[in-house]
Amino acid sequence: MAHRPAPEPVSRPGRDAYGARMVSLAEDLYLLADDPATGRPLIDVAHLDLGLGGALLLDLVLRQRIALADEQVKLTQEGPTGEPLLDRA
């Protein structure tokens, strides 16, 4: 019997190539900024807020939902991303 190569994984929005849920950059930043002992942020909340906003924008760029055009953020693709946090952004 001939050996067949494994099928290529199929990528879906909000999932990695193997179907596992991708953690957003905003979620990563929040987890890094959180003190697990106290549950309080390790950095100033105003700075964290700006960082989380930037992380959400970058997640949307990486998913090709927004782009910078003429020094403005433009929507490039409509519809849900499959990531509730990004869908509300």
Side-chain angles (χ1 to χ4, degrees):
M1 178 162 29
H3 175 70
R4 285 190 276 171
E8 289 292 318
V10 177
S11 181
R12 295 187 303 276
R15 303 280 176 172
D16 70 9
Y18 298 98
R21 182 180 170 280
M22 291 172 36
V23 175
S24 72
L25 295 173
E27 289 171 311
D28 277 343
L29 177 58
Y30 182 80
L31 291 173
L32 288 170
D34 182 59
D35 182 349
T38 66
R40 303 184 92 190
L42 294 169
I43 61 175
D44 183 276
V45 176
H47 294 128
L48 179 58
D49 190 43
L50 290 172
L52 291 171
L56 288 171
L57 286 172
L58 187 53
D59 274 321
L60 290 169
V61 168
L62 292 172
R63 287 173 170 80
Q64 299 177 347
R65 299 305 178 116
I66 62 172
L68 189 61
D70 300 322
E71 298 184 19
Q72 295 182 352
V73 176
K74 303 279 186 175
L75 181 66
T76 59
Q77 184 180 348
E78 292 189 41
T81 64
E83 177 64 46
L85 184 62
L86 293 176
D87 290 341
R88 289 190 304 265

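Side chains included, hydrogens not; waters and symmetry mates left out as well; all remaining heavy atoms used.
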Grab the two heavy atoms, one from [X] and one from [Y], that are nearest each other, plus how far apart they are.
| X | Y | result |
| --- | --- | --- |
| A26 | L56 | CB-CD2, 3.8 Å |
| L48 | P41 | CD2-CB, 4.1 Å |
| L68 | V73 | CD1-N, 4.1 Å |
| D87 | G82 | OD2-N, 3.7 Å |
| R65 | L75 | O-CD1, 3.4 Å |
| T76 | Q64 | OG1-O, 2.8 Å |

Is there a path of hydrophobic side-chain contacts, each under 4.5 Å between heavy atoms of I, L, V, M, F, W or Y residues, that connects [X] with [Y]?
| X | Y | answer |
| --- | --- | --- |
| L85 | V61 | yes |
| Y30 | L42 | no |
| L50 | I43 | no |
| L58 | L52 | no |
| I66 | L86 | yes |

Rounded distance [0.5 Å steps], [atom1] in [X] versus [atom2] in [Y]:
| X | Y | atom1 | atom2 | result |
| --- | --- | --- | --- | --- |
| L25 | L60 | CG | CG | 10.5 Å |
| E83 | E27 | CD | CD | 5.0 Å |
| L62 | L57 | CG | CG | 11.0 Å |

### Message
Go through it in stages, so that I can follow the logic: the residues are D59 and T81, the test is side chain to side chain contact (heavy atoms under 4.5 Å, CB included), and I'd like the CA-CA distance, side-chain angles, deciding distance and then a yes or no.
### Response
CA-CA 10 Å; D59 274 321; T81 64; over 6 Å; no
### Task
Mark yes when over 12 heavy atoms from residues, nucleotides or ligands other than Q77 sit less than 6.0 Å from its CD; otherwise mark no.
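Counting neighbours around CD of Q77, more than 12 heavy atoms of other residues, nucleotides or ligands fall under 6.0 Å, so yes.
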#### Entry: Donor-acceptor under 3.5 Å (D70 side chain, Q72 main chain)
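No: the side chain of D70 does not pair with the backbone of Q72.
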